[in-house]
Structures are given as C-alpha cells and as structure tokens.
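Single-structure report; data block below.
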Amino acid sequence: MIDVWLAEQCAALAEHPWLRADRALLADAARQAVEPLRVAVTGDVSSGKSSLVNALLGVEAAAVARAETTATVTWYRDPALAPPPRLGPAHHQVRVGFPLAGQVVLIDTPGVNTGSANQEVTDAMLAAGTEAAGAATVVVYLVAGPLSAGALARVRSFSTLVSGPLDDGANTVLGGAKADGFASGAASAGSDAARAVLVATLLRAAGRYASAAVALMPALGSLARRGAPDPAMFDTLRRIAGSAALRDAVADGWHVLASTAADLALDEIGFGSTFGVRAAAALLNARPDTDPATVRRTWEQLSGVPDLERLLGRMAAHREVYSVFAVRGRLRRLAARLGQDRAGPVATVLRELRLRPGLVDLYRRYVAVLLEAGRLPYVPDDERTAAVALLRGGPDLPTADATRWRARASGGGRAVRDRRIAEIVADACAARANRPERVP
Amino acid sequence: MRTLAIDFGAAATKVAWWFGDEARLLPVDGQPEFPTAVHVRPNRELVVRDALSYLGSGRVVTEIKHRVGAVDPLPPADRTVPVGASGDRVALVDLVAAVLAHAATAAPEPVDQVVLAHPVSWGAAELRLLTTASRHAGLPATPVLVPEPAAAAASVRSRTALPAGVVAVFDLGASTLDIAVVDPAALASGGPAVAERGAATGGDDLDAALLDFVEEELTYADPAELAGFRRFRDTWPARAALAARAEKEALSSAERVVFPAALADGGQVDVPVTREAWVDHAEPVFTGWLAALDECLDSLAAGTRPAVLLGTGGSIAVPAVRDELAAAARRRNCRLVLAGDDGLGPGRHVAPGALIVAEARAERARREAAAASERAAKARRESFDRELARVSARDQITDVAVAAVRELVPTDAAVRTAVSWRHASDVITFGRYLNGRLGLLVLTETTMTWSCLAAVVTGTLHRRDIARIVVTRGADSLTEYGRVKVVRRTGSPIRFWSLTDAEIDAVRRWYDG
C-alpha cells in the first residue's frame, strides 16, 4: 500500500531536524495520504456553495455543525477519525457525521471571485507556494454562470497542483450551480436537455482541467435535505398546481407570483427554486395524490446532489490513486521551496516513491480512473470498459484489442497524454502475456 | 582531446563537435539531427538510419527516451520494449546503444571522450543505463554526463548575454515539457536543480489539437466525411500527424491555411483553418503548459526566483507559444530569452551546450588541480621551513647553511625529517632520508668548526637509485676538494655542488686538523 508507506515517510520527515518549520505541512500530508478523500467545495460567490455544503452535510449535521465560512476553511470529518493536525488559524475543524463521512473529508471554503480578502484562504489552497496548497485532494468548483477567466484560472491552478502524472484534471469536478435557470436553445430552463448542455459547456470551457461536471440546484437540494416541503409549503404547492394562473405566474418569475397571490407561503420555496416549484406543481397536477415525501425525493433528484454524491463516492473508491499523487505534489513543491541545500530528505522520499513496487499498479488504476472519466473519447466504449477492467486486475484483453492499444500508444496525431494512457494499457496487456504460468 | 557530445532527444538526436573554439552541430546522414527511432528487423538487427521509413512494417520503436524515465518495476537497464504491435521485445539498453552508436558515426575523427546530455530529472538508475548503452555503443569509457538545462543555458549564453544566476528553463519538445529552475553554473558542476517538473505534453499536442479542430469542423459537414476522417485518423495515425505538423508549421507564418483532411476511402476534404481559430482551440494546451510553469515557479523560495525565462526545444518555434511565454515572462517580471533567436535553432542548443559545459568542467578541474598542487607545495615548503628551523636551532646551523638549503631544495620537495649529519668521510651515505627523494647533508659547526652545508637534492631520483654520495677531497686539487657528488648505482655522477672558496678553505683547515 503506497499510501501507507507515503504517510509513514511524511511522518518521519516531520520529525527531521531540518524540516521543523514544515512539520505542520508534513503531518497534514501524512494524514492526507491515508484518510478518506479530501473534497473541497468552493466556487464563485452566490453560486450556492453554502446550500451545497448544507445538502452534503445533511439536515442534522448542517443544523449542529455548519460553521460560518466567510473567512475560514472548515473541515468536516467523521468523529471516528483521529483528530486532524492543525494547518493554521484559517482552518477550522469540525468532527461530525454526515452521509459521505465514511468516504470523504468535506472542506468548506470561502467563496472566491469576490474581490474581498476572505478569498485569500481559498486561493492559498488552490495555488502553489503555500502550506495549504494541495491540502485538498479533490475540488468541487461551483459556478453560477459562464466559467469566468478567474474561475478557470483557479480550476487550472488547482488541477495542476494535485493532478496525477498526466496533468489530467481528474481531481476537479465542476458544478454548474443554478442549473434550474439554465436554458439552451429549445431546451427549457432546468430540463434534462438543458442540464446536459450545461455540463457539456462547462467541460468544454474547462478544457482538460476537470474530469466531470454536474448540473446542480444546490438550493433545491438543501431544501429537500432539510425535509421540505413541510405542510404549509406543500399546501402552497397544491394551490399553485391547481391554478393555471399561478402556474403561469411561476413560469414568469417570483415577482409576478408574489404580486398575484400574496397570501402564498413563498418565503422558503421562493428562494429554493422556481424550477423545483414548477416541477412539484406539474407532479401534483398530474397526480393529485402525490405526497410530500414524493415531492421531496423528486426535488432531491432534480437538485443533482445525489449525482454529485455518487460521483464523489466513485472517486472515493479510488482514494489512494488521488491522494498519493496529491501528496507527491505537496512534497515536490516543498522540496523546491526548501532549495538545494535542505531538500535532501524530501528528495530522497520522492526518489524512493518512484521505485516502490506498487507504483506501477497505482499508475494502472490511475489510468483506469482517467478512462472512466471519458479520456480518449474516440476509443469504443466496449474497449474502454475492457481496458478499465484489465487495469484493475480483471480479465485479459482480446489480442485484437491489445494490438489496437499498442498502435494507439505508438501512433501519432493524438495528444501525448492519450499516447501515454494507451501505453500503460498496452503494457498491462504485455505484462499479462509475459506472466509466468502458475505451477500447480 | 577529441570530444563528441550527443543530445539523445525524445524525438530527435543531435551531435556536436568542436570546430576550433566553437561548439557546433555535426550533420548526421546529411541532416542536423536524426529521429530517435530504431527499426528492429525480424532478425533482431537494430537499424537507426532512416528508421522512420519503415514505420509501415510495425517494427519501429519510437519514444525510446520516454521509456528510460517511465515508471516501471524494473530498473531501466533491465527493461525490454515492445516492438510495435509485433509481439517481439528488445532490450531498452540496446535501443539506446543503437541510437548513440549511430550518432557517433558523425564524428570526423576517432573520439577520445563522449559527452551525453540527459534530463535533469533522471536519477542514478537512468544515468546508469545511459552509461551502459554508451559502452555498448563502443564509445569511450566514462562518458561525461551533463544535465540538459545546464547545456541549453550554456549554449545560449555563449551566443547571447545572459545575466548570472538562476534561470528557469522551459524546454518544450515534441512529446515532453521539462521545466527546470537551475543555477547553470552550479548544475554544470554537478549540483542539483533548484526545482524541476516534467509533463506529458509537448508540441505534438498542438498537432493533435489541429486534427481535433478539423474533426470538429467536419461535424458541420457531411457525416460520411466526418466518419471517413475519423477512420483515417484511427487507421493511419502517423500520416495524420505528419499532415497536422506540416499545417501547424505553415500556420507559423500564414494566418490561414487549408487543411487537406484525408478520408479513409482515399478522398479528401479541404478544411480552412485560421491561426486564430486553431490557437483558440488549442488554448487548454497552452494554458496547461503555463499552469505547469506557474506551479514550478510559485513553489520556489523567495530568494531563488529566476531573473531569466529561457525557452528552448523545437516547439517554441510556434509563434503562439512564443507569445504565451512572453506574457508569462511579463507576469513574472523575468527577461525572456528564446533559444533559436540566435540562429542555431530552438531545439539545437543542448548538444553544443553539453560540449561547452564539459569543457568548462575540464578547465575548472585543471585549474583546481593546479591550485591544489600549489597549495600542497606551499604546505610542504612551510613544513620544510619549520623542520629546518628546528634542526638548525638544535644543531646550531648557521644562516649560511640554512640559506644554502633553501637554495638547493626545490619548493616541491616534501620534508619528513631534516637530516642532522655530523660525520664526514670519504664515502658519505645518507644518514636520514627525506620524503623518499631528498638527501640532505649538513655539516655543522659543532663537528666541523665552520658552517658548511652541502645539500644534495635529488628531486627526480629515488633512494634506491643512489649508490653513495661522495665528498671528494684531495691535496692534488683544491677545486675538487669541496665538491660533493651523488653517484647513481650505475656509477655515473649526477650532480655536483661547488662550495665557495671560503667554505673550501674552512673545510681544509678543519680537515687538516
């Protein structure tokens, strides 16, 4: 297990007399290597970041543990985990259970693109040259509109910090927040088609610096996770569903609805999601016997939060792949900062890491992650699936497949990264072919 | 010394030689460089010359250098590499040796010394493979190893004024990006880089981006054409890459080209491409390079921020790359120096630079050896002086004698023990011996009433070669009376020292009693 070995090395470095000043960083890196996947949620201001964190924490944890994060980074960890090392006064630690706590350490950061000083602590985690740089292993970056130049720069900066050896962006997830307001061409706001376009647009804008994008309605997700709709809200929804005028008013915007039916209990759902109300109204209109729990489940699904949780869960299943490369990046930058005279012990660990017996296997699993994330889109799905299985120790590839992967590795006209990915697949095939037969 | 430098590159290999006092590239097969590729014939013979013309055989190995630095459970010297899709494998060290041997064919004279450039990130195992391959290639033993960024900086510095100090080298090859922050002087003398970062990217990514752009343009055209182009890319990737490279190079000077998109059925579709549209499409590639540069530079301690950003490698010839580097240099308040602006070509500095670094190292070694020798001589002189002072005080040797010793004993003669000799006879043997090479006879006042010193210095004579030392006396010849001679075992005298008249007179008075 390379993660365990790396954690031990980082812990040993933390005790090295030359590295006293970097003890906190090294202790944190040691923890990062082995603890659940560290996922930071950040993004532009007013992108629904707080709502998303609330939704991910779940109703109970959010109620008791949600901290104000305008100026500090808040780390949410499962109480079963050991107390975390301190990264500095800007980092606040909360030990609390939440749905993904067994797989993820959730990091809530101040919003960025604000122009205020509060974002500095977030920027410190997203750019090289600070202790906290790369302390998060995965970033979910929320954008409320088109990907701005500032957002793109941050996404790229983070991606470069924690990426694997192919500078892939596999550690970055873009969240298209306020997907309920997004419409595209004939696709109406919030529809599945519009959401798909939003995801594609984000991924295209981010280039190769993100591995996935999720269309989100954080406010709706937060609302559903808090137990909405309550009876009063449900009654409002029923009234809207039952009135064509009110349904039209919802479509035209809350200000119209508010002036049309001032007695409606709009406060909470008003800020939740227009799309959520319309969806619930449509549901209730079609099936008047729909109960509040069904509306809640519908809202939850529409919010995209379960999609994000599934995605993070899948990433967490390959935690070692992400964490080892993230920690390696931190050590590499530390060595550069220490300079030639003092970097010796860190450089030694980095050199030894390259020689670890399990590193080739880690690279294979890493390439499997990249293929699953859709790299080499021109490779047929069945070949891709078979290759992923092979890289994770599954069955051998058919000879024709192996030949094609070898040709992709040595052929031109594709990105260098694609050729390296193909090469690792082809090498895995060859390693199988050269494997000595077992003696009964 | 006839020295050959080889830049074993990822895509192409270059060779350099001294022409007078100028390090220049040597043509190989009539070209300034040759592809780093090996054609493995079915009989396992390795052929480097024109290897790429055998691409269709499926038995050509490229990316050899990448294989050396790749993550692999085996050390590089033990690795084998697949030969295309043929199923055969060949030892990596043999491939490297074949490339080096082919490079060496360019040498106009027999080579005394070989200099090999290597990525700064290569560790002991990779360098061991390079050394072994050099030996297998029949090149002189113990090659001089020079990190590529140090070589590039040295070559550029030999043509362009560069300030001293730390340099960020941005080396963009066809399939590699190596960023190294180095103090060229320290690196050339064997010190580590300040920071280094490699990335699996390079100029080939711009070719791929161009092909992707064409493919995207074809999505608005006939679906059959799009399918045909995709099939062509999958079936003949090398031909697609060659076409893209040609159009990429054309876009370096032209604002617009017409890309001849070949189709799998033999047809062709012309797709207009503007430089602006292509650069826009390739934007993630550019920003990826700059993000890697930023990460490397941001992680440095404040005192090691480079003052110069040095762009090298064949792919910096692309105007858009140069623009991006210029912008990065402005942001970093660095001076941008682009290798290639000096006429040598952007990717051709490493081999000549390696020669320069090797020569500078040799010159420094010579200077250091001379300085060390001088320091040792001085130490011996001081030791001798101390011993002489001790003996002269003990034996009451006069200043005249001491001065004679100083005159006679060469400065590089090490003195272990000064000789105290109080006996004169016809045949005088050494009572004590100095440093295995120095015989010193001292006649002191206590035994001879006057201060007479005869020192025999045999700086080139070993003790075993000395049969005896003779002080010649005789009534017949006063002039010979005070002469001292050393006799070799062969019997021939090797040196005489004449005493002054006063000394001879004093000896005679004493001897006569």
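Predicted, not measured: the structure shown is a model, and the values here were computed from it. Just so it is clear, the values below take in all heavy atoms, side chains as well, and ignore hydrogens, waters and symmetry mates. The chains referred to below are lettered A, B, ... by the order of the sequence lines, with proteins before strands, and numbering in each begins at 1.
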May I ask you to decide if the ring planes of A:Y363 and A:F325 are parallel, tilted or perpendicular, using 30° and 60° as cut-offs? perpendicular
A:R365 bridged to A:E320 by N-O distance under 4.0 Å: yes
Chain A contacts, top residue of B:A241, B:A208, B:A209, B:P237 (heavy-atom pairs, under 4.5 Å): B:P237
Can you say whether the rings of B:W122 and B:H118 are parallel (under 30°), tilted (30 to 60°) or perpendicular (over 60°)? parallel
For B:A243, which atoms come within 4.5 Å of any heavy atom of chain A: side chain, backbone, both, or neither? neither
For A:R356, is it the side chain, the backbone, both, or neither that has a heavy atom closer than 4.5 Å to a heavy atom of chain B? neither
May I ask you to name which of B:R245, B:E196, B:R233, B:E215 has the most heavy-atom pairs under 4.5 Å with chain A? B:R233
When heavy-atom pairs shorter than 4.5 Å are enumerated against chain A, which of B:R230, B:H66, B:R239 gives the highest number? B:H66
Can B:D204 and A:R419 be counted as an ion pair, charged N to O under 4.0 angstrom? yes
Do B:L210 and B:L206 pass the side chain to side chain contact (heavy atoms under 4.5 Å, CB included) test, and can you show the C-alpha distance, the side-chain angles, and the key distance before you say yes or no? CA-CA 6 Å; B:L210 184 52; B:L206 296 180; over 6 Å; no
Is A:R354 salt-bridged to B:E126, cutoff N-O under 4.0 Å? yes
Proximity breakdown for A:A402 and chain B, heavy-atom pairs closer than 4.5 Å: neither
Heavy-atom pairs under 4.5 Å with chain B - which of A:D361, A:D427, A:I424, A:L338 has more of them than the others? A:D427
If I measure from the heavy atoms of chain A, does B:R197 come under 4.5 Å with its side chain, its backbone, both, or neither? side chain
Can a cation-pi geometry be assigned to A:R414 and A:Y378, taking NZ or CZ under 6.0 Å from the six-membered ring centre and within 45° of the ring axis? yes
Please classify the contact between B:R67 and chain A as side chain, backbone, both or neither, with a heavy-atom cut-off of under 4.5 Å. side chain
Which region of B:A199, side chain (C-beta onward) or backbone (N, CA, C, O), has a non-hydrogen atom less than 4.5 Å from a non-hydrogen atom of chain A, or is it both or neither? both
Which atoms of A:D418 are under 4.5 Å from chain B, going by heavy atoms: the side chain, the backbone, both sets, or neither? neither
N-O pairing of B:R332 and B:D294 below 4.0 Å: yes
